[in-house]
Student: 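The structure under discussion is supplied below as structure tokens; questions concerning it will follow.
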Amino acid sequence: MTQLNPRQKQAVHYIDGPCLVLAGAGSGKTSVITRKIAYLIEECQIAARNIAALTFTNKAAREMKERATKLVKGSAAKGLTVSTFHNLGLNIIRREYRALGFKPGFSIFDSEDARALLKELMLKDGDLDTDLLDLTQHQISNWKNDQVVPGTALSKAESEGEQRMAIVYERYNQALRAYNAVDFDDLILVPVQLFAENADVLAHWQKKIRYLLVDEYQDTNNAQYLLVKQLIGDRGSLTVVGDDDQSIYAWRGARPENMSQLKVDFPSLEVIKLEQNYRSTQRILKTANHLIANNPHEFEKTLWSDKSIGEPIRIIQCSNEEAEAERVANEIVAQKLQRQAKFHDFAVLYRSNHQARLVELKLQHHQIPYAMSGGTSFFARTEIKDVMAYLRLVINPDDDNAFLRIINTPRRQIGTSTLEALGRYATEREISLFTACDELGLQSHIPEKPLERVKRFCHWILKISERSETDEAMPAIREMVDDIDYEAWLHQNASSSKVAERRMENVYYLLDSIGKMLNPEDPAREPSSLKDAISKLVLMDLLDRQEEEETLDQVQMLTLHASKGLEFPHVFIVGLEEEILPHRNSIEDENIEEERRLAYVGITRAQRSLTLLLANKRKQYGEVIETSESRFLAELPEGDVEREGFGQSTPENNQKKGQETLSNLMAMFDDDPN
DNA sequence: CCGACTTGATTTTTT
DNA sequence: ATCAAGTCGG
């Protein structure tokens, strides 16, 4: 790790202009970024606070910052910015909120909040359809990523459906404004628009960020690339690192074309390829290269390794998905002994989450400890969303979304009719629900008793709000949670008291995290007010028991997507079948290339051994269907794979369609319970 | 307001 | 088949 290879060195030392580092899987790209940060600080006399590195996830940002900080002497890395795109956007908005017309304490709507808002807007139109709702949300996100304002969307709409969506888009944005809120896309879009309109503000940020580095560049979307271009201006003080072969997020707006676009936008671009892989055996790399060669390439790149040849790649065909899962479990048990390995040396990768279920069962059955990635993220949990809504309302009374979520949670005997009347009144006078509560004019619209309850709620919030501006913020919000007797509410609603206790623990964890952020003992803590802390919090990933996961000896189970950036000595990939990998929808959409990259990502996770599995038959939607092997298997180098369980093991045998009827017949006898 | 029933979906996921 | 979310009635 201390010694860089010539290419890596070149990438670190090149500062004469914009630089694109094509970093193959396992080629040490994080080292290049962190070493370059250290180089800029120590050799180029650029102050750490004038350097920014952008990533996509908090985790990546955390790790990168830690590594870079360790690389420089003393505290020279103080003030260094290593953050996600969205966090940078938030910082920009936070500093410039006045110019943008936001009030302090603005809320950040996550996808769920945004969806709820959209749902409400569309419900008024009378058309409600989950498909349309998702489509609209997706479309609005696309528009925002492409800098399309509602007016333009409307004038360019080509169908009535698009027109309707554009109108919803406009109202959605208006609602966000009224709520003093932004959504995730706005965190990028709003700064971009601000920079485009206000040269002074842009100049300020350009001065602040003298050198910019971007990780996982192939995952940037249009808006993110624009932000990068604006910040760089014509100075060329930019290094981006990426791998077009690992672009697996096009479906959520990533534009791998941004890599080739760099050559156009920055003609002096220096392209440096990192092709030496430090992770995998030669066979694994050969297999990966062979597969990905089937994709068209803008940048040619061939990974190589000076590691040993390694074991052949194993492809194991099983009779059905249960046998496949069983085989994985058996292999792990056997190999663990043979190889003197730990459980955490093994990873099971799959295309979609439901594939995990069977494997999970079999691992349990064999008493193999495992950890599964994914699941509901911390901030998607109901209890956290509830408490966050309280906090949002405390710092931003205009947040009607938060207001509606908690006005009657826990129950305060405030029903729909009261809220409708309140809503009508607020809409008419163009004020927020919270503000409306205190208006005298309400008396004629809402009966006395409910009005009394609503008012009591608002005054209570207001008191907390006032106290939260003092140094008593923490006691104030702790009392708030006590006041609403949230714990009792959780017990009332949970299936068991154990679940309720767990949820309450989450709430306390959230409060503790806020407490840490507000800690006055530590002046280096950035967010100093509750307002800052809450908005930051929405963008954070508070993983529960994150440390434990890394230290426990468990088999890792994850989706292929989630595996990106990780590595494991021994990797199993299950379900190498048509319709699974490549996924059925991708076949229909003729988007095989991204699926191939997904397989490529999976393969390149393996350090020492790679086992691919597939099943002949698989239960799908309740019926047994005959599967056919993934086209990707035929794209692997014949001489480096070892097939097992393929009948006579000649490819022709597997193709024999004549056997289908027989197999189907046999499947009928192959009965499971049910 | 809650629970039983129906309905529908069943790629990937971060911020 | 299975599971989650949404709907409707008591």
Side-chain angles (χ1 to χ4, degrees), chain A residues 54-61 83-90 108-115 119 123 128-131 133-134 138 141 144-145 182-189 215-216 219-221 223-224 247-254 321 349-358 373-380 382 408-416 489 492-493 495 535-543 558-565 575 579-589 591 594-595 597-599 601-602 618-625 672-674:
Chain A
L54 298 180
T55 64
F56 280 88
T57 65
N58 288 302
K59 192 175 161 219
S83 80
T84 62
F85 271 95
H86 290 86
N87 232 317
L88 175 70
L90 172 61
I108 297 172
F109 276 31
D110 67 18
S111 328
E112 207 185 301
D113 300 321
R115 194 173 192 271
K119 191 172 175 179
L123 213 54
L128 177 73
D129 174 348
T130 50
D131 277 350
L133 182 59
D134 289 340
H138 199 202
S141 181
K144 288 196 173 186
N145 285 337
V182 292
D183 65 16
F184 279 152
D185 296 319
D186 286 340
L187 289 174
I188 313 293
L189 173 78
D215 187 27
E216 303 281 16
D219 288 342
T220 51
N221 65 30
Q224 287 158 340
S247 159
I248 53 174
Y249 287 114
W251 54 273
R252 66 174 198 215
E321 79 268 39
L349 311 183
Y350 36 85
R351 174 66 239 256
S352 30
N353 281 311
H354 72 263
Q355 289 174 268
R357 205 166 270 168
L358 257 183
S373 83
T376 25
S377 80
F378 189 76
F379 284 98
T382 328
N408 205 26
T409 304
R411 301 287 169 243
R412 287 188 187 89
Q413 296 173 65
I414 297 169
T416 31
W489 166 252
Q492 209 176 98
N493 285 74
S495 53
S535 52
K536 269 262 184 301
L537 208 56
V538 179
L539 295 179
M540 297 209 315
D541 58 344
L542 292 177
L543 301 170
L558 23 134
T559 63
L560 287 164
H561 282 92
S563 76
K564 196 170 86 165
E579 314 251 285
I580 292 184
L581 181 64
H583 191 270
R584 167 192 294 206
N585 299 356
S586 303
I587 297 173
E588 280 169 18
D589 303 345
N591 184 19
E594 183 148 315
E595 295 290 302
R597 289 193 289 266
L598 205 45
V601 166
R618 189 177 287 274
K619 235 182 277 168
Q620 234 166 38
Y621 315 131
E623 62 174 345
V624 176
I625 59 146
D672 280 56
N674 302 342

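So that the names make sense, note that chain A is the first sequence line, chain B the second, and so on, each numbered from 1. All values reported here derive from a predicted model rather than from experimental measurement.
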Student: I need the CD1-P distance between A/Ile414 and B/dC1, as an integer number of Å.
Tutor: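 The distance from CD1 of A/Ile414 to P of B/dC1 comes to 11 Å, rounded to the nearest Å.
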Student: Below the 4.0 Å mark, does B/dT14 have OP1 or OP2 next to a side-chain nitrogen or oxygen of A/Asn221?
Tutor: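 So the side chain of A/Asn221 is outside the cut-off, no N or O lying under 4.0 Å from OP1 or OP2 of B/dT14.
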Student: Base, sugar-phosphate, or nothing: which does A/Asp134 touch, judged by heavy atoms less than 4.0 Å apart?
Tutor: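 Nothing, no nucleic acid heavy atom in range.
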Student: Under the rule for side-chain contact (heavy atoms from CB on, under 4.5 Å), what residues qualify as partners of A/Asn58, not counting sequence neighbours?
Tutor: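 Checked A/Asn58 against side-chain contact (heavy atoms from CB on, under 4.5 Å); matches are A/Arg62, A/Thr84, A/Asn87, A/Asp541.
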Student: Is the distance from OP1 or OP2 of B/dT12 to the nearest side-chain N or O of A/Arg252 less than 4.0 Å?
Tutor: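 Result: no.
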Student: Quick test of the criterion, 5.5 Å between centres and less than 30° between planes. Is A/Phe56 stacked on B/dT15 or not?
Tutor: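 Here the ring of A/Phe56 and the base of B/dT15 are not stacked, as the 5.5 Å and 30° limits are not both satisfied.
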Student: What is the distance from CG of A/Asp113 to P of B/dT15, rounded to the nearest Å?
Tutor: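 Going from CG in A/Asp113 over to P in B/dT15 covers 16 Å.
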Student: For A/Phe109 and B/dT14, what is the distance between atoms CZ and P respectively, to the nearest whole Å?
Tutor: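 For the pair A/Phe109 CZ and B/dT14 P, the rounded distance is 21 Å.
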Student: My understanding is that only residues two or more places apart in sequence, or in another chain, count here; which of them pass side-chain contact (heavy atoms from CB on, under 4.5 Å) with A/Arg357?
Tutor: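 Here no residue qualifies.
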Student: Which listed nucleotide (C/dC3, B/dT13, B/dC2) is nearest to the side chain of A/Ala562?
Tutor: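 So the side chain of A/Ala562 is nearest to B/dT13.
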Student: Of the listed nucleotides (B/dT15, B/dC1, B/dT13), which one gets closest to any side-chain atom of A/Trp251?
Tutor: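 Ranking B/dT15, B/dC1, B/dT13 by closest atom to the A/Trp251 side chain puts B/dT13 first.
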Student: Applying salt bridge (Lys or Arg N to Asp or Glu O under 4.0 Å), name anything that partners A/Arg252, two or more places apart in sequence or on another chain.
Tutor: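 None.
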Student: Regarding A/Arg411, tell me which of base, sugar-phosphate or nothing describes its non-hydrogen contacts under 4.0 Å with the strands shown.
Tutor: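 Sugar-phosphate only.
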Student: Assign A/Asn58 to base, sugar-phosphate, or nothing according to its heavy-atom contacts below 4.0 angstrom with the strands shown.
Tutor: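 Counting heavy atoms under 4.0 Å across all strands, the contact made by A/Asn58 is with sugar-phosphate only.
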Student: Do A/Phe109 and A/Asp186 have side chains that get closer than 4.5 Å, going by heavy atoms?
Tutor: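 A/Phe109 does not reach A/Asp186 side chain to side chain.
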Student: Starting at CD of A/Glu594 and ending at C1' of B/dT12, how long is that distance when rounded to a whole Å?
Tutor: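 A/Glu594 atom CD is separated from B/dT12 atom C1' by 9 Å.
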Student: Given the P atoms of B/dT11 and C/dA4, what is the spacing between them in whole Å?
Tutor: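 15 Å, rounded to whole Å.
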Student: Please give, in whole Å, the distance from B/dT12 P to A/Tyr350 OH?
Tutor: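 After rounding, the gap between these two atoms is 10 Å.
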Student: Pairs under 3.5 angstrom, nitrogen or oxygen only, protein versus nucleotides 8-11 of chain B, please.
Tutor:
from   : atom 1 : to       : atom 2 : distance (Å)
B/dT11 : OP2    : A/His583 : NE2    : 3.3
B/dT11 : O4'    : A/His583 : NE2    : 3.2
B/dT11 : O2     : A/Arg351 : NH1    : 2.7
B/dT11 : O2     : A/Arg351 : NH2    : 2.2

Student: Kindly assign one of parallel, tilted or perpendicular to the pair A/His86 and A/Phe184, based on the angle between their ring planes and the thresholds 30° and 60°.
Tutor: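 Answer is perpendicular, since the angle exceeds 60°.
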Student: Take atom CE of A/Met540 and atom C1' of B/dT15, then tell me their distance rounded to the nearest Å.
Tutor: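 Spelled out: CE on A/Met540 to C1' on B/dT15 is 13 Å.
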Student: Could you work out, with side-chain contact (heavy atoms from CB on, under 4.5 Å) as the rule, every residue matching A/Asn221, not counting sequence neighbours?
Tutor: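 A/Asn145, A/Ala223, A/Gln224.
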Student: Any idea how A/His561 and A/Tyr249 line up, ring-wise: parallel (<30°), tilted (30 to 60°), or perpendicular (>60°)?
Tutor: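 Answer is tilted, since the angle falls between 30° and 60°.
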Student: Please give, in whole Å, the distance from B/dT14 C1' to A/Ile108 CD1?
Tutor: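 Going from CD1 in A/Ile108 over to C1' in B/dT14 covers 14 Å.
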Student: So which one's nearest nucleotide on DNA chain B is more toward 5', A/Ser111 or A/Ile248?
Tutor: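 The residue closer to the strand's 5' end, by nearest nucleotide, is A/Ile248.
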Student: Using atom NZ of A/Lys59 as one end and atom C1' of B/dT13 as the other, report the distance to the nearest whole Å.
Tutor: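 So the NZ-C1' distance, A/Lys59 to B/dT13, works out to 14 Å.
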Student: Which part of the nucleic acid does A/Arg597 contact within heavy-atom distance under 4.0 Å: base, sugar-phosphate only, or nothing?
Tutor: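 The residue A/Arg597 makes no contact with any strand.
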Student: Can you name the residues that form a side-chain contact (heavy atoms from CB on, under 4.5 Å) with A/Ala61, not counting sequence neighbours?
Tutor: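 Only A/Thr55, A/Val82 meet the side-chain contact (heavy atoms from CB on, under 4.5 Å) criterion with A/Ala61.
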